[in-house]
There are 2 protein chains.
Amino acid sequence: MPIYAGLPPGTLVMLILRVLRQEPLHGYAIAQKIRALSSDQLSVEEGSLYPALQKLLANGWVKAEWTTSDTGRQVRSYRLTSRGLKQLETEQGDYQRMADAIAAIVEST
Amino acid sequence: MPIYAGLPPGTLVMLILRVLRQEPLHGYAIAQKIRALSSDQLSVEEGSLYPALQKLLANGWVKAEWTTSDTGRQVRSYRLTSRGLKQLETEQGDYQRMADAIAAIVEST
DNA sequence: CCGACATCCATAGCGTAGATAGGCATAGCG
DNA sequence: CGCTATGCCTATCTACGCTATGGATGTCGG
């Protein structure tokens, strides 16, 4: 009876864009980074991640490139585009407004 | 185009329980109160609200009673139960953990 | 050497939950 | 009398993350 095991719906794209803002990463590394930065609070399942990355590609928010990782393995590296950065800022703003609105209710007397 | 026009998924139950903590309210008034407390940022559609209230009733988190409103109208008033209060505290804790985890990522260098 | 395990990419189908779109009814007001 | 706001409710749609599954490659202990 899971309320929501993993991520709050609507935040996955924002979080992916956010971790890609600092440096290009491949899929698996994106999931690990989100997990690490949240101290294991948030987990990105692969069945969520890869479809999401397809969507980001389709919208032109990221560009993908097959490269060789430092472990000598073929990996698909995703880089944030300028459109992606703009989208990130929009989504962060939307999220912040929501979070503030909810906080206003929860903290109301 | 906002990703989510209304509420962030997973928060509706928490918000209903929260506004009922202060006083019993009928459905329509719940929606208005959430909207007002959030300065019109959050809107609860009736098609979301009433099914959610059924769920709260089924779980024993609220009790319903037909009463007469101050406008002389028959309304169904919902009152928070002790189980509902406990549920509210759980959900607020879960939400806060999520919000903190997301903030940690968004605010990471 | 080999099997176990972690890394890595990807898709199909499912479940949950809010949104949309209706239906029905009453009170107040011009 | 219509019009608007109030008030309750259900059927159906849709968005989105999850589960399950499949496959491939590198590493390391025994």
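Treat the numbers as computed from the prediction; the structure is a model and nothing was measured. Each chain gets a letter, A, B and so on, in the order its sequence line appears, and its residues count up from 1. These numbers come from the heavy atoms of this one structure, side chains and all, not from hydrogens, waters or symmetry mates.
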Give the nucleotide from the list [options] with an atom nearest to the side chain of [X].
X     : options                : value
B:H26 : C:dT7, D:dC8, D:dG17   : D:dC8
B:K55 : C:dA17, D:dC18, D:dT10 : C:dA17
B:Q54 : D:dT10, C:dA10, C:dA19 : D:dT10
B:E45 : C:dC8, D:dC9, C:dT20   : C:dT20
A:L12 : D:dG17, C:dA10, D:dT6  : D:dG17

Considering just the side-chain nitrogens and oxygens of B:Q74, establish if one lies under 4.0 Å of OP1 or OP2 belonging to C:dA27. no
So does B:T71 get a side-chain nitrogen or oxygen closer than 4.0 Å to the phosphate oxygens (OP1/OP2) of D:dA5? no
To the nearest angstrom, how far is [X] atom [atom1] from [N] atom [atom2]?
X     : N      : atom1 : atom2 : result
B:Y50 : C:dG22 : OH    : C1'   : 15 Å
A:M14 : D:dG17 : CE    : C1'   : 15 Å
B:W66 : D:dC8  : CH2   : P     : 6 Å
A:L49 : C:dT11 : CG    : C1'   : 13 Å
B:R76 : C:dA25 : CZ    : P     : 18 Å
A:L25 : C:dT7  : CG    : P     : 15 Å
A:K33 : C:dT7  : NZ    : P     : 17 Å
B:L57 : D:dC8  : CG    : P     : 12 Å

Test item: [X] side-chain N/O and [Y] main-chain N/O as donor-acceptor pair under 3.5 Å:
X     : Y     : result
A:T90 : A:K86 : yes
B:R18 : B:V13 : no
B:T81 : B:G60 : yes

Less than 3.5 Å between a donor and an acceptor, one on the side chain of A:E46 and one on the base of C:dC9, is that the case here? yes
Will you find, in the side chains of B:Q96 and B:Q92, an N or O donor that is under 3.5 Å from an N or O acceptor? no
Both A:S69 and A:S48 contact DNA chain C. Which one's nearest nucleotide lies toward the 5' end? A:S69
Pick the nucleotide of DNA chain C nearest each of A:V75 and A:G47; which residue has the one closer to the 5' end? A:V75
Residue pair A:R73/A:A52 against DNA chain D: nearer the 5' end by closest nucleotide is A:A52
pair_partner(C:dG30), Watson-Crick or wobble, both distances < 3.5 Å, evaluates to D:dC1
Should the pair B:R97-B:D100 be classified as a salt bridge under the 4.0 Å nitrogen-to-oxygen rule? no
